[in-house]
Amino acid sequence: SKKVSELYGMSDDDDIKFTINNVDFSFKGSTSLADIMAEVNDSRAGVTLTFNSLNDKFTIKSDETGKDTSLNLKDVSGGLITKMFGSNELSATGTDAELEIDGEAVNYSSNDITYNGVNLTLREPTNGEVTIDTSVDTDKALDAIVSFVEDYNALIEYFEQDGIIQITPKIMSKLSKSLRKMLEKN
């Protein structure tokens with residue numbers, strides 16, 4: 001990764017200082033951009049700083065979500081925040097996802113929610129109604145039952161074949177009842 005001095009026309013000895021969420025960072029112009037991003041990301045500032053080489057842009061986002069989170073950046077010296085984001089001071093407050101499910105208004109601090117056992121990821125805001133249809137994958141359940149029965153039959157056959165156990169009609173009846181009860185529960 002290139003040094004900040006190479007990327008932004010600074011000298012290697014220039015001081016670069018900034019704060020993110022009240023955490024102070026201090027570097028020299030000779031520090032690589034990768035090292036700066038790693039230190040920021042590993043800090044207690046609670047953010048993730050990334051660089052997109054496709055559009056040569058930086059992104060910073062809070063590791064926490066929802067209305068109780070905030071993100072505050074401020075250049076102290078060297079102007080790196082200004083060079084990365086176009087302003088020497090930035091501030092943003094998170095919001096909760098607000099939605100209506102079955103006529104009831106609900107708020108979530110994350111865009112990943114679980115409702116009645118269904119995991120949903122909210123990708124973008126919408127003002128209109130969104131309909132979600134779900135179904136149970138009965139083929140998967142049936143495949144599991146068929147596999148179980150095949151394994152069960154192979155086990156019984158193995159025991160009888162090797163003379164380990166004699167499966168009498170009474171034992172088979174009890175095993176069949178147990179199997180039926182198990183299948184009825186599922």
Side-chain angles (χ1 to χ4, degrees), residues 1 20-21 23 32-72 92-186:
S1 173
I20 301 175
N21 291 341
V23 176
S32 74
L33 205 49
D35 288 343
I36 291 174
M37 290 191 322
E39 188 167 327
V40 167
N41 293 342
D42 293 340
S43 74
R44 59 183 176 78
V47 297
T48 301
L49 177 63
T50 57
F51 178 73
N52 182 334
S53 61
L54 295 175
N55 62 12
D56 289 334
K57 291 189 178 182
F58 288 91
T59 302
I60 190 164
K61 68 176 193 169
S62 175
D63 295 339
E64 299 295 321
T65 59
K67 67 179 181 173
D68 296 329
T69 62
S70 62
L71 181 61
N72 299 291
T93 302
T95 58
D96 283 350
E98 298 174 356
L99 58 151
E100 185 176 302
I101 300 176
D102 294 334
E104 185 175 335
V106 291
N107 293 330
Y108 290 91
S109 63
S110 170
N111 286 348
D112 295 316
I113 63 173
T114 301
Y115 177 74
N116 286 345
V118 177
N119 297 325
L120 302 169
T121 299
L122 308 174
R123 300 223 183 260
E124 60 188 53
T126 180
N127 291 324
E129 188 172 297
V130 176
T131 302
I132 299 171
D133 293 318
T134 61
S135 62
V136 176
D137 186 354
T138 55
D139 290 339
K140 189 174 180 180
L142 182 60
D143 290 346
I145 291 170
V146 168
S147 176
F148 173 80
V149 170
E150 288 171 350
D151 291 345
Y152 170 84
N153 288 337
L155 184 64
I156 296 299
E157 189 176 303
Y158 170 78
F159 284 145
E160 286 183 331
Q161 182 178 1
D162 289 353
I164 295 171
I165 190 169
Q166 179 67 34
I167 306 295
T168 65
K170 185 176 180 181
I171 292 173
M172 185 58 83
S173 174
K174 287 184 179 188
L175 288 172
S176 294
K177 284 179 188 175
S178 296
L179 179 59
R180 234 185 339 270
K181 285 180 184 177
M182 186 193 75
L183 292 174
E184 286 171 1
K185 287 181 183 178
N186 294 324

Please list all pairs meeting side chain to side chain donor-acceptor pair (under 3.5 Å) that have one or both residues in residues 51-68, counting only residues at least two apart or in different chains. T48-D63
Just verifying a value: how many Å separate I60 CD1 and T50 OG1, rounded to the nearest 0.5 Å? 9.0 Å
Quick one: which residue pairs count as a ring-ring contact (aromatic ring centres under 6.0 Å, His included) with a foot in residues 117-143, not counting sequence neighbours? none
Residues 42-66 vs ring-ring contact (aromatic ring centres under 6.0 Å, His included), sequence neighbours excluded, gives F51-F58
Does anything in residues 115-131 pair up under side chain to side chain donor-acceptor pair (under 3.5 Å), and if so which pairs, sequence neighbours excluded? D102-Y115, D112-T121, T114-N119
Can you find a heavy atom in the side chain of T93 that is under 4.5 Å from one in the side chain of T69? no
Quick one: side-chain contact (heavy atoms from CB on, under 4.5 Å) partners of L120, sequence neighbours excluded? I113, V118, I132
Name all residues meeting the side chain to side chain donor-acceptor pair (under 3.5 Å) criterion together with D35; count only those two or more places apart in sequence or in a different chain, and write none if there are none. S32
State the OG-CD1 distance between S43 and I20, to the nearest 0.5 angstrom. 6.5 Å
Identify the heavy atoms of A97 and S110 that sit nearest to each other, and give their distance. CB-O, 3.8 Å
Apply side-chain contact (heavy atoms from CB on, under 4.5 Å) to A144 and list each qualifying residue two or more places apart in sequence or on a separate chain. none
Please confirm whether the backbone N or O of L49 pairs with a side-chain atom of N41, one donor and one acceptor, at under 3.5 Å? yes
Would you say V23 and V40 make side-chain contact, with heavy atoms under 4.5 Å? no
Does some side-chain heavy atom of Y108 sit less than 4.5 Å from a side-chain heavy atom of L122? no
